[in-house]
Each structure stands twice: as structure tokens, then as C-alpha cells.
Amino acid sequence: MADEKKLTSQSEDYSAWYNEVVLRAELADYAPVRGCMVVRPYGTTLWENVQQALDRRFKETGHVNALFPLLIPMSFLQREADHVEGFSPELAVVTHGGGKELEEPLVVRPTSETVIGYMYSKWIRSYRDLPLLINQWGNVVRWEMRTRLFLRTAEFYWQEGHTAHATYEEAQEETLRMLGVYADFAINDAAIPVIEGRKSESERFAGAVASYSIEAMMGNKWALQAGTSHMLGQNFAKAFDIQYLDENNELQYCWTTSWGLSTRMVGAIIMAHGDDQGLRLPPKLAPYQLVVVPIWRNEDQKRAVLEVTARIAAHLRSSYRIKVDDREEVTPGFKFNEWELRGVPLRLEIGPRDVENESVVMARRDIPGRAGKSVAPMAGLSAAVGDMLDTIQADMLDSATVFRDANIREPEDYEALKDTVDHGWARAYWCGNPECETRIKEDTRATNRNIPLDQEGAGPGLCIVCGEPAEEWSYWARAY
RNA sequence: CGGGGCGUGGCGCAGUCCGGUUAGCGCGCAUCGUUUGGGACGAUGAAGUCGGAGGUUCAAAUCCUCUCGCCCCGACCA
């Protein structure tokens with residue numbers, strides 16, 4: 001930071017920008033343990049808003065919440081071959097308890113498929129018990145090599161849904177339903193356009209038959225997997241004996257799914273919307289939807305302004321998440337910058353002129369500077385604020401969508417693809433051969449993000465790498 | 001685990017090469033006053049076992065040995 005007041009600009013150093021925003025907006029801080037973070041109150045409120053928006057959708061689709069234990073017997077992980085292999089390098093293991101070495105080590109859950117599978121095998125007896133639709137809000141630990149606040153931390157907070165079904169079709173339907181729920185949330189609440197798709201074999205969750213993701217484009221044009229949904233087939237059902245008696249009194253293995261969305265979504269919100277001034281939070285999720293900054297020059301004005309401010313705030317508080325910043329030790333200009341850094345979508349400025357004219361100045365965070373300012377009459381202010389917040393929400397989605405679409409190209413050939421993924425995402429035909437996928441990764445550091453569910457317009461084509469026939473196109477990009 | 005960087009008041013750093021007053025600077029913080037429509041200013045003040053341990057020396061933030069931790073860049077991952 002050359003200028004201590006300003007953030008490092010995104011163009012100068014995107015990851016420095018990211019770290020500074022997270023710290024200075026007081027979303028999170030580094031914990032004493034490497035790779036762990038403290039989610040500060042402002043970040044927690046944002047996460048709680050994410051939770052509420054998702055939880056409502058989970059309930060609407062028939063799910064209920066439960067809480068499963070943090071510690072899992074090591075042997076559980078080993079029951080599903082791919083699952084152990086996938087997770088063993090990143091497990092935190094508890095070897096001692098009560099001052100004694102444990103007979104069997106316990107792992108701190110990296111995810112809960114195994115314990116939940118164990119419990120499901122106890123709970124499920126009959127087809128009448130199905131489908132079983134449970135979600136858990138909690139934390140997990142994965143010993144990551146390289147960590148970044150929110151994006152990849154050793155411990156993170158998330159929800160993991162785990163469902164069991166009688167048939168393949170129902171489980172597959174559930175997998176895609178929840179992917180759709182994530183997409184709906186991302187688009188309509190987080191104002192982040194996302195692409196729903198299937199993960200390639202190499203990117204598939206350890207133990208899954210198929211994994212699906214929503215992929216979002218960040219401000220530096222890298223991709224971020226913002227949510228995943230897995231079709232687990234009967235892999236875990238067989239490993240944990242999750243069986244039921246069907247209508248014909250025959251024993252069948254269940255079909256299970258799991259799906260998760262983590263505090264990484266906070267990182268997505270930061271990077272999808274942030275600018276050189278700091279955060280830009282979508283109104284639906286922002287801890288404060290609007291901040292009111294009173295302005296005065298002398299005692300008389302102060303009294304009048306604060307009185308009007310209090311009245312307006314009391315009125316707005318019933319409908320909006322509002323913060324009145326009446327600190328006297330900092331100037332209005334300082335407050336403007338601080339709340340812009342912290343991403344509050346809308347600011348109301350109330351000064352002597354406004355008191356006189358019975359108006360307020362509204363400043364939109366998504367449109368910096370003078371262009372984002374307008375004057376609104378105090379009469380009918382609540383409705384005007386509501387309209388403005390709706391407009392900001394919609395405009396943020398629009399501009400994120402325009403940005404994303406402007407940075408997705410369809411390269412003609414392999415040489416063009418190499419260039420494309422340097423500046424954005426590529427949508428290209430791929431034959432599905434892992435060797436072609438690996439080659440792209442080695443040549444460009446870009447990975448297969450997903451094979452979009454929406455294949456409209458895709459006909460038979462030729463693989464961008466090997467030229468063999470390809471049925472589907474997929475997205476390729478540098479990713480977090 | 002490989003490469004790089006860094007540990008000095010709350011934060012950011014200088015000082016370390018070449019040992020030598022009372023360890024400085026900016027920001028922040030506290031008090032008072034003047035300010036307040038885009039990051040105010042002045043005065044006064046509080047705050048540091050120089051990451052830790054051992055060693056060399058009359059003398060160590062500074063030199064030597066060991067150690068711990070953090071950050072950044074790679075390979076792995078949501």
C-alpha cells in the first residue's frame with residue numbers, strides 16, 4: 001500500500017487487494033493456528049444472511065437440519081476406498097483423549113458422509129423411511145497446504161446435505177435439484193451469475209459417482225467453484241450398509257447424495273463484486289443494507305440533523321437492516337470511505353441542507369462517485385429506499401453477468417485456447433479423454449471447470465485438443 | 001514438501017551489512033481545543049522482555065548456533 005488510506009488496486013495485485021479487503025472490512029482475521037481464520041462479526045453476519053437464504057430454500061424442498069459429531073472413527077473413512085484415498089492427506093487426527101492414547105484414532109471430520117452413512121444404516125429400514133433428507137450446518141477441517149481467508153482455510157464453515165433415496169432416478173433428481181437451489185441462491189441473492197455443470201472425472205468428489213458444481217467468475221477472471229452437489233450412487237450405501245426393504249419385501253441398497261456450500265461463498269461475493277474502493281455487497285445479503293451519515297457544522301445543526309436522522313432511522317429500521325453512523329470523532333468523508341470499503345449498498349447523507357429541504361442524499365455503492373448520488377424527498381423515503389435496493393441488487397447481477405459473458409470465448413483451435421484462458425474462460429469441445437484434460441492443465445494451468453448442463457447449441461464437434469469427435473462442450477479456466 | 005520473504009509499541013516499517021548514548025518514524029490509540037457535505041488539524045500523552053533459547057563480547061535488535069511462527073510463489077484441494 002503506497003497510500004495507507006487506499007487499498008492496493010485490483011489491477012496492481014489482485015491477491016493483495018483481496019487480503020486487504022478482507023482484513024480492513026473486518027470480515028475475518030488470521031487465527032493463531034496456521035491456515036485457520038476468525039470470522040469477525042461483520043463477516044459472520046454476512047455468512048448468517050447466506051445461511052438464512054439457503055436454509056429457507058432447503059426447508060422449502062423438504063429438508064430438515066440435524067447435527068452430527070465432529071469426531072469420526074478413523075476406520076469409517078477407510079470403508080469407502082476412493083473416499084479415504086481422497087481425504088487421507090488432509091486429515092487432522094486425534095490420537096489422545098483424557099490423557100491417554102486412544103485405541104482407535106479419531107479424525108476431525110473433513111466431511112460427514114461416513115458418520116451420516118453409519119447413522120442412516122441404523123435409521124433406514126423400509127422404503128417408507130425414504131427419502132431421508134437431512135442437512136447439517138457445521139464446520140470441517142482439511143489440512144490444506146496453501147490457505148487463503150474464506151477461499152481455502154484449514155477449518156471452514158459450511159452446510160452439508162445428505163440424502164438417501166429408494167431409486168437412482170430420485171437421487172439423481174435430488175442432486176440436480178440442490179444444484180439448482182445453489183444456482184438460484186447465487187444468482188438471486190448473491191447477484192453472482194453461475195454456470196451449473198458436471199465435474200470431469202478428475203475433479204469428481206472422492207467417493208462420488210458424479211459431481212456437479214456451480215462455477216462463478218471472479219474479478220480477475222479466474223473461476224471459483226461456489227457450491228457442489230454429488231450423486232453418490234450406492235457407494236456409501238454399500239460401504240455402510242444403508243439398506244431398505246422395498247414394497248416386495250426385498251432388501252435394496254439406498255442411493256445417496258450429498259451437497260455442500262461453504263464460507264468460500266463469502267470469498268465469491270468479495271471477488272465477484274469488489275472494486276478498488278473495497279467490497280460491494282448485494283443488498284439481499286449485506287449485513288447493513290444502508291448506512292445513514294448525519295452531517296452538521298454547529299450545535300444547532302447537529303441537534304436538528306440528529307433529530308431528523310433518528311426519526312428517519314426509526315422509520316426505516318422496521319423494513320431494512322440499517323446502521324446510523326453518528327460517531328463524532330471522524331468526519332463524514334471518512335465515514336463515506338469506510339462504509340464503501342465495507343460494501344454497504346446504499347448510503348443516506350443527511351445534513352442541514354437536507355433538513356431544510358426535507359430531502360436526503362442517496363449514494364449507491366455500486367455506482368462510485370457523483371454519478372451514484374441522487375436526492376430523494378423524505379416523504380415516501382422507505383419506498384424509495386426499497387426501490388433503490390432492488391435496483392442495486394438487479395444492477396449488480398447485470399454487471400456481473402455482462403462482465404462474465406464478455407470474458408468467455410470460444411477458441412477455434414488449441415493455440416487459441418491457450419491464449420483465451422490467459423484472459424478469461426474458454427468454452428470448448430472436449431472428447432472426455434483425461435489425457436486431453438491433463439494436457440490443457442499442463443500447458444495452460446487452466447482446468448476443466450465443468451461440463452455445463454446447458455448444452456443448447458452444442459452439436460457434435462471436435463475435441464479442442466485431439467480433434468476426435470466430441471459431444472459436449474465444457475468450460476476451461478484458471479481457478480481458485 | 002520445494003523456492004522466496006519476514007518476525008522490532010495495536011498496525012506498517014527504519015535501524016541489522018560495519019555491535020557502542022535513553023531503540024526511532026508513520027498510522028492508530030488517549031486527553032483537550034478547533035473542525036465536520038468525500039479519508040481534518042494542533043498540542044500533550046500512553047504504549048516496545050527487538051519471535052524464542054543458547055553462545056561470543058567490556059557491550060548484542062545488530063555477530064554465531066539452534067528453534068518456533070507467519071506471509072507470498074509452486075505441486076494438492078471446496
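Here is how names work: the chains are called A, B, and so on, in the same order as the sequence lines, proteins then strands, and each is numbered from 1. Hydrogens, waters and symmetry mates play no part in the numbers below; they use all other heavy atoms, side chains included. All values reported here derive from a predicted model rather than from experimental measurement.
If you measure from atom OH of Tyr18(A) to atom P of C71(B), you get 14 Å, rounded to the nearest angstrom. If you take CD of Glu329(A) and P of G39(B), they are 17 Å apart, rounded to a whole angstrom. Rounded to whole angstrom, the span from the CZ atom of Arg24(A) across to the P atom of C27(B) amounts to 15 Å. Atom C1' of nucleotide C72(B) and atom CG of Leu151(A) are separated by 15 Å, given to the nearest angstrom. For Arg148(A) and G74(B), the CZ to P distance is 10 Å, given to the nearest whole Å.
Within the 4.5 Å cutoff, side-chain heavy atoms of Phe403(A) are placed close to those of Lys221(A).
Atom C1' of G28(B) sits at a distance of 29 Å from the matching atom of C68(B), rounded to the whole Å. Nucleotides C29(B) and G10(B) have their P atoms positioned 15 Å apart, rounded to a whole Å. Atom P of U56(B) sits at a distance of 12 Å from the matching atom of A60(B), rounded to the whole Å. For the C1' atom pair drawn from C58(B) and C6(B), the interatomic distance equals 33 Å after rounding to whole Å. One C1' atom belongs to C70(B), the other to C11(B), and the distance between them is 15 Å to the nearest Å. Comparing the C1' positions of U31(B) and G15(B) gives a spacing of 31 Å, expressed to the nearest Å. The separation of C72(B) from C66(B), taken at their C1' atoms, amounts to 26 Å, rounded to a whole angstrom. Distance check on atom C1': C73(B) versus C17(B) gives 27 Å, rounded to whole Å.
Residue whose closest nucleotide on RNA chain B sits further toward the 5' end, between Lys302(A) and Ala479(A): Lys302(A). Position along RNA chain B of the nearest nucleotide to Ile350(A) versus His230(A) favours Ile350(A) as the more 5'-ward residue.
At distances below 3.5 Å, at least one donor-acceptor pair connects side-chain atoms of Tyr18(A) with backbone N or O atoms of Leu149(A).
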Could you list the donor-acceptor pairs under 3.5 angstrom formed by side chains in residues 267-278 of chain A, with sequence neighbours left out?
residue   : atom : partner   : partner atom : Å
His273(A) : NE2  : Ala190(A) : O            : 2.7
His273(A) : NE2  : Ala191(A) : O            : 3.4
Asp275(A) : OD1  : Gln277(A) : N            : 2.8
Asp275(A) : OD1  : Gly278(A) : N            : 3.2
Asp275(A) : OD1  : Arg365(A) : NH2          : 2.7
Asp275(A) : OD2  : Arg365(A) : NH1          : 3.0
Asp276(A) : OD1  : Gln10(A)  : N            : 2.8

Contacts table for residues 45-53 of chain A: side-chain donor-acceptor under 3.5 angstrom, sequence neighbours left out:
residue  : atom : partner   : partner atom : Å
Thr45(A) : OG1  : Pro41(A)  : O            : 2.9
Asn49(A) : ND2  : Thr45(A)  : O            : 3.4
Asn49(A) : ND2  : Leu285(A) : O            : 2.9

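Note on Leu261(A): nothing from the nucleic acid sits closer than 4.0 angstrom, heavy atoms only. Using a 4.0 Å heavy-atom distance criterion, Glu144(A) is classed as a base contact. Tyr30(A) comes within 4.0 angstrom of the backbone, heavy atoms only, and of no base. The residue Ser15(A) sits close only to the backbone: its heavy atoms come under 4.0 Å of sugar-phosphate atoms, none of a base. Within 4.0 Å of Ser202(A), counting heavy atoms only, lies no atom of the nucleic acid at all.
Electrostatic pairing of Glu20(A) and Lys6(A) does not count as a salt bridge here, judged by no charged N lying under 4.0 Å from a carboxylate O. Look at Lys441(A) and Glu437(A) and you find no salt bridge, because none of the NZ, NE, NH1 or NH2 atoms lies under 4.0 Å from a carboxylate O. Under 4.0 Å is where a charged nitrogen must lie from a carboxylate oxygen, and between Arg280(A) and Glu340(A) no such pair does.
Within residues 354-378 of chain A, the residues having any heavy atom under 4.0 Å from RNA chain B are, by residue number, Asp354(A), Val361(A), Lys373(A). Near RNA chain B, defined here as any heavy-atom distance below 4.0 Å, there are no residues from residues 76-85 of chain A. Looking at residues 280-298 of chain A, you'll see Ile295(A), Trp296(A), Arg297(A) sit with a heavy atom under 4.0 Å from some atom of RNA chain B. A heavy-atom distance below 4.0 Å to RNA chain B is reached by none of the residues of residues 172-185 of chain A.
Figure legend: Arg142(A) and Trp158(A) shown as a cation-pi pair, the cationic atom lying under 6.0 angstrom from the six-membered ring centre and within 45 degrees of its axis.
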*Which dot-bracket string describes RNA chain B (Watson-Crick N1-N3 plus N6-O4 or O6-N4, or G-U N1-O2 and O6-N3, all under 3.5 Å; [ ] crossing; | other strand)?*
((((((((.[[[[.)....(...]]]].((((((.....)))))).....[[[[[..)....]]]]])))))))....

*Take Phe236(A) and His83(A) through the test ring pair (Phe, Tyr, Trp, His ring centres under 6.0 Å) and record every step on the way to the result.*
CA-CA 9 Å; Phe236(A) 286 88; His83(A) 198 60; 5.0 Å; yes

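Between Tyr42(A) and Tyr288(A), the ring planes lie tilted relative to each other; the angle falls in the 30° to 60° range. Between Phe76(A) and Phe240(A), the two ring planes are perpendicular [angle over 60°; tilted spans 30° to 60°].
The stretch residues 293-303 of chain A participates, sequence neighbours left out, in these salt bridge (Lys or Arg N to Asp or Glu O under 4.0 Å) pairs: Asp300(A)-Arg303(A), Lys302(A)-Glu328(A). The stretch residues 65-88 of chain A participates, sequence neighbours left out, in no salt bridge (Lys or Arg N to Asp or Glu O under 4.0 Å) pair at all.
For Phe87(A), the CZ atom is densely surrounded, since the number of other residues' heavy atoms within 6.0 Å is greater than 12. Other residues, nucleotides and ligands contribute at most 12 non-hydrogen atoms within 6.0 Å of the CH2 atom of Trp143(A).
Taking side-chain N and O atoms only, Thr331(A) has no distance below 4.0 Å to OP1 or OP2 of G39(B).
Remark: Ser112(A) pairs with Gln136(A), Glu160(A) by the side chain to side chain donor-acceptor pair (under 3.5 Å) rule, at least two apart or across chains. In terms of the salt bridge (charged side-chain N to carboxylate O under 4.0 Å, His left out) criterion, residue partners of Asp443(A) (sequence neighbours excluded) are, by chain and number, Arg439(A). The side chain to side chain donor-acceptor pair (under 3.5 Å) test applied to Glu203(A) returns no partner, not counting sequence neighbours.
No donor-acceptor contact under 3.5 Å links the side chain of Glu338(A) to the base of G39(B).
Nearest to the side-chain atoms of Asn337(A) among the listed nucleotides U36(B), C76(B), G38(B) stands G38(B).
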